[in-house]
Protein chains: 2
Amino acid sequence: MDTTQRTDQQRSADRRRRELLEAADRVVLRDGPGASMNAIAAEAGITKPILYRHFGDKGGLYAALAKRHTDALLGALRAALDAPAERRERVEATLDTYLAAIEARPQVYRFLMHPSEGGPQGDQGFDVGAYSFPLLRRMGEELADVIEERVDLGPNSQQLARVWGHGIVGMMHAAGDWWLGERPCARADLVHALADLLWGRLSAAGDKAGGPSF
Amino acid sequence: MDTTQRTDQQRSADRRRRELLEAADRVVLRDGPGASMNAIAAEAGITKPILYRHFGDKGGLYAALAKRHTDALLGALRAALDAPAERRERVEATLDTYLAAIEARPQVYRFLMHPSEGGPQGDQGFDVGAYSFPLLRRMGEELADVIEERVDLGPNSQQLARVWGHGIVGMMHAAGDWWLGERPCARADLVHALADLLWGRLSAAGDKAGGPSF
DNA sequence: AGACTACTGTTACCGTAAGTAACATGTAAG
DNA sequence: CTTACATGTTACTTACGGTAACAGTAGTCT
């Protein structure tokens with residue numbers, strides 16, 4: 001019947017879609033965020049128009065690809081955030097999870113941070129704010145939810161939690177980006193340094209002799 | 001003589017270069033980070049090859065353009081960081097300076113954060129770490145210097161300061177990016193929330209009733 | 001069987017952008 | 001006047017995102 005037929009077709013299309021995404025994944029892993037639609041189609045053994053039929057445009061493909069990785073990473077982060085342990089330990093575990101992920105697959109991580117590659121004519125309007133980094137935003141919102149849900153922040157807790165969520169995620173990201181490029185220390189050292197920062201060691205530290213206060 | 005001649009020519013070339021950069025600035029301000037070389041050349045009243053003779057390639061032009069704004073912003077930030085006031089006040093002033101800058105010219109800020117727009121074939125190599133955001137990196141290093149110079153952090157202070165510098169800058173950037181897109185609160189509120197985060201209010205806050213600790 | 005539909009796939013093309021080669025022009029030095 | 005050089009141009013190549021138009025193949029309806 002129609003329904004079974006439609007289901008079959010849909011299943012087939014979904015399977016194809018998954019195959020295409022896996023091919024795209026391989027190409028992105030190989031070529032970085034600049035991977036071209038032609039290269040992806042070739043890797044999948046087909047030609048461009050099929051990609052466009054499945055994903056609409058490059059942004060669509062990239063969004064679908066990003067969603068896979070983002071979901072996976074967010075799942076791991078949430079697990080670390082929800083583990084049965086003290087707050088500080090959880091924060092450190094979350095930081096470590098993120099850093100381990102970007103360490104394991106830097107190209108993918110790079111791709112996730114710069115998905116809005118901005119085609120020549122596609123994004124004329126320059127809608128400020130729509131250019132954002134989907135992964136960072138999603139992580140920030142997720143963390144904000146957890147913070148608001150678990151931490152007692154008094155009045156204005158929602159707004160404070162969102163600021164902190166995005167701020168902490170940005171801290172993690174920038175520090176991780178820098179660390180990945182220079183590798184100045186072990187991962188654990190970075191994790192401890194960032195946790196110390198979040199735990200207010202900057203305000204607790206004394207001024208250095210010789211200068212005015214900073 | 002040769003020298004005066006060379007000087008004259010060089011001065012003329014420098015002046016021209018500055019004019020071209022100003023034209024590029026106007027175009028970027030108008031069209032965002034996707035501004036084309038043709039558009040910039042047209043705005044400057046010339047044609048493409050001249051741009052290429054002056055800046056090598058698009059990356060060169062963008063780097064030169066970014067340097068101008070980055071220098072200006074870093075100057076303002078350093079002034080806020082060096083003002084005669086308490087540490088907390090200085091931190092808040094620095095955050096506010098940055099946020100005011102991105103609020104005033106979001107396109108420029110967008111451009112500075114995504115300069116490696118990645119032309120079709122230009123950036124094949126995908127040198128991990130070389131894709132970074134020059135402005136963020138420079139701000140991070142600058143802040144790290146100031147922290148190490150002024151704050152007594154005990155052993156390993158250099159490494160800790162660098163981690164913190166990049167982390168704090170990333171926090172500022174991500175929170176600012178999110179805030180610019182959603183405008184959920186006044187600038188001063190954002191500044192206070194971020195300063196509170198840096199001052200360890202997250203670790204000081206109690207658990208919310210009902211759940212395990214976060 | 002034969003026409004109709006729907007899906008998958010192709011080739012060939014358009015528009016635009018980065019970057020370059022080759023040619024033209026003005027101007028000071030010998 | 002000729003040489004050297006910087007400045008400027010037009011016209012081209014290459015590559016990419018995206019699309020139109022066409023071809024094959026399977027199931028469905030009459």
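Order of the sequence lines sets the chain letters (A, B, ...), proteins ahead of strands, with each chain counted from 1.
Rounded to an integer number of Å, the gap from B:Y52 OH to C:dA22 P is 18 Å. Rounded to a whole Å, the CZ atom of A:F55 is 15 Å from the C1' atom of C:dT8. Rounded to an integer number of Å, the gap from B:K58 NZ to C:dA18 P is 4 Å. We find that CG of B:L51 is positioned 14 Å from P of C:dA17, with the value rounded to whole Å. A straight line from OH of A:Y62 to P of D:dC16 spans 11 Å, rounded to a whole angstrom. If you take CZ of B:R17 and P of D:dA6, they are 16 Å apart, rounded to a whole angstrom. Atoms CG (B:N38) and P (C:dA18) sit 7 Å apart, rounded to a whole Å. The separation between A:R15 atom CZ and C:dT8 atom P is 11 Å, rounded to whole Å.
Put simply, NE2 on A:H192 and CG on A:D96 are 8.5 Å apart, with the number rounded to the nearest 0.5 Å. Note that CD1 of A:I147 and CZ of A:R162 are 12.0 Å apart. Values are rounded to the nearest 0.5 Å.
Ring centroid separation for the pair A:Y62 and A:F111 comes in under the 6.0 Å cut-off.
The backbone N or O of B:G60 lies less than 3.5 Å from a partner atom in the side chain of B:D57, making a donor-acceptor pair. Checking side-chain atoms of B:R90 against main-chain N and O of B:A83 turns up a donor-acceptor pair under 3.5 Å. The main-chain N or O of B:G200 is never found under 3.5 Å from a side-chain atom of A:W199 such that the two would form a donor-acceptor pair.
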TODO: List the steps, then state whether side chain to side chain contact (heavy atoms under 4.5 Å, CB included) holds for B:E22 with B:R68.
DONE: CA-CA 10 Å; B:E22 275 159 27; B:R68 283 161 61 106; 3.7 Å; yes

Output a table of nitrogen or oxygen pairs between the protein and nucleotides 9-13 of chain C separated by less than 3.5 Å.
unit_1: C:dG9; atom_1: OP1; unit_2: A:R16; atom_2: NH2; d: 3.3
unit_1: C:dG9; atom_1: OP2; unit_2: A:R16; atom_2: NE; d: 3.3
unit_1: C:dG9; atom_1: N7; unit_2: A:R53; atom_2: NH2; d: 2.2
unit_1: C:dG9; atom_1: O6; unit_2: A:R53; atom_2: NH2; d: 3.3
unit_1: C:dT10; atom_1: OP2; unit_2: A:T47; atom_2: N; d: 2.9
unit_1: C:dT10; atom_1: OP2; unit_2: A:T47; atom_2: OG1; d: 2.4

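Evaluation of the side chain to side chain donor-acceptor pair (under 3.5 Å) rule for B:E43 yields B:R26, B:R30 as partners, not counting sequence neighbours.
In the model, B:D177 has no side-chain atom that pairs as donor or acceptor with a side-chain atom of A:H166 under 3.5 Å.
Comparing the axis of the opening five pairs of the helix from C:dA1-D:dT30 to C:dG30-D:dC1 with that of the closing five pairs yields an angle of 30°, rounded to 10°.
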